Chemist: 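Please read through the structure below; I'll follow up with questions.
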Amino acid sequence: HARIYAGTAGAFLRSAERGGFDVVFLDPPYDAAQEYESALTLLSESAEKWLAPGAMVIAEHRRKQSLAGQYGALNRTRLLEQGDAALSFFVRGIGS
């Protein structure tokens, strides 16, 4: 079962009741750098509500844009860089 939401992550997280998602893919416009921090922080602060245990959050961003290695319950496990783009893979920690 997959759902695609076109809009800001913040708006979705404030409007939906709960998630339990196994995989979340974030792809904000590259020029909206604050959306990455906002979305990852919101997801990590409410990880139990939105993310299944062991869930993965993948954020596509500019290669030159640095994302933190951890956002609360989310820990980056992989950084894949290709050309000007990068994918940061975060996993919800066990017990969080």
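These figures come from a predicted structure and were not determined experimentally.
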Chemist: Could you tell me which residues satisfy side chain to side chain donor-acceptor pair (under 3.5 Å) with Asn75, sequence neighbours excluded, listed by chain and number?
Modeler: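 Only Gln70 meet the side chain to side chain donor-acceptor pair (under 3.5 Å) criterion with Asn75.
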Chemist: Evaluate the side-chain proximity of Leu26 to Ile58: yes if any heavy-atom separation is below 4.5 Å, no if none is.
Modeler: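 Not touching, per the 4.5 Å side-chain cut-off.
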Chemist: What residues form a side chain to side chain contact (heavy atoms under 4.5 Å, CB included) with Ala85, not counting sequence neighbours?
Modeler: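 Side chain to side chain contact (heavy atoms under 4.5 Å, CB included) list for Ala85, sorted by chain: Tyr30, Glu60.
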Chemist: Using side chain to side chain donor-acceptor pair (under 3.5 Å) as the criterion, list what pairs up with Arg78, not counting sequence neighbours.
Modeler: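 For Arg78 there are no side chain to side chain donor-acceptor pair (under 3.5 Å) partners, ignoring immediate neighbours.
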Chemist: More than 12 heavy atoms of other residues, nucleotides or ligands under 6.0 Å from CD of Gln82: yes or no?
Modeler: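 For Gln82, atom CD is not crowded (no more than 12 foreign heavy atoms under 6.0 Å).
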Chemist: To the nearest 0.5 Å, how far apart are CZ in Arg62 and CG in Asp84?
Modeler: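 It is 8.5 Å, given to the nearest 0.5 Å.
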Chemist: Report the residues that fulfil side chain to side chain contact (heavy atoms under 4.5 Å, CB included) with Leu42, sequence neighbours left out, ordered by chain and then residue number.
Modeler: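 Checked Leu42 against side chain to side chain contact (heavy atoms under 4.5 Å, CB included); matches are Leu13, Arg14, Ser38.
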Chemist: Is Tyr36 close to Leu67 at the side-chain level, that is, under 4.5 Å between some pair of heavy atoms?
Modeler: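 A side-chain contact under 4.5 Å exists here.
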Chemist: Can you tell me if Ser44 uses its side chain to pair, donor with acceptor, with the backbone of Thr41 under 3.5 Å?
Modeler: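 Confirmed, Ser44 side chain pairs with Thr41 backbone.
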Chemist: Residues in ring-ring contact (aromatic ring centres under 6.0 Å, His included) with Tyr71, at least two apart?
Modeler: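 In terms of ring-ring contact (aromatic ring centres under 6.0 Å, His included), with neighbours along the sequence ignored, Tyr71 is linked to Phe90.
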Chemist: Shared ILVMFWY cluster between Val23 and Leu51, side chains joined below 4.5 angstrom?
Modeler: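 Result: no, two separate clusters.
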Chemist: Under 30°, 30 to 60°, or over 60°: which ring-plane class applies to Phe21 and Trp50, parallel, tilted or perpendicular?
Modeler: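 Parallel, since the angle between the ring planes stays under 30°.
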Chemist: Kindly write out the residues that satisfy side chain to side chain contact (heavy atoms under 4.5 Å, CB included) with Glu81, not counting sequence neighbours, or none if the list is empty.
Modeler: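 Listed in chain order: Arg63, Leu79, Ala86.
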Chemist: Sort and list the pairs that fulfil salt bridge (Lys or Arg N to Asp or Glu O under 4.0 Å) and have at least one residue in residues 35-45, not counting sequence neighbours.
Modeler: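 Of all non-adjacent pairs touching residues 35-45, none passes salt bridge (Lys or Arg N to Asp or Glu O under 4.0 Å).
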Chemist: How close do Leu74 and Leu40 get, heavy atom to heavy atom, and via which atoms?
Modeler: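 So the two residues come closest at CD1-O, 3.9 Å.
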Chemist: Could you list the residues that satisfy side chain to side chain contact (heavy atoms under 4.5 Å, CB included) with Val91, not counting sequence neighbours?
Modeler: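 Side chain to side chain contact (heavy atoms under 4.5 Å, CB included) list for Val91, sorted by chain: Met56, Thr77.
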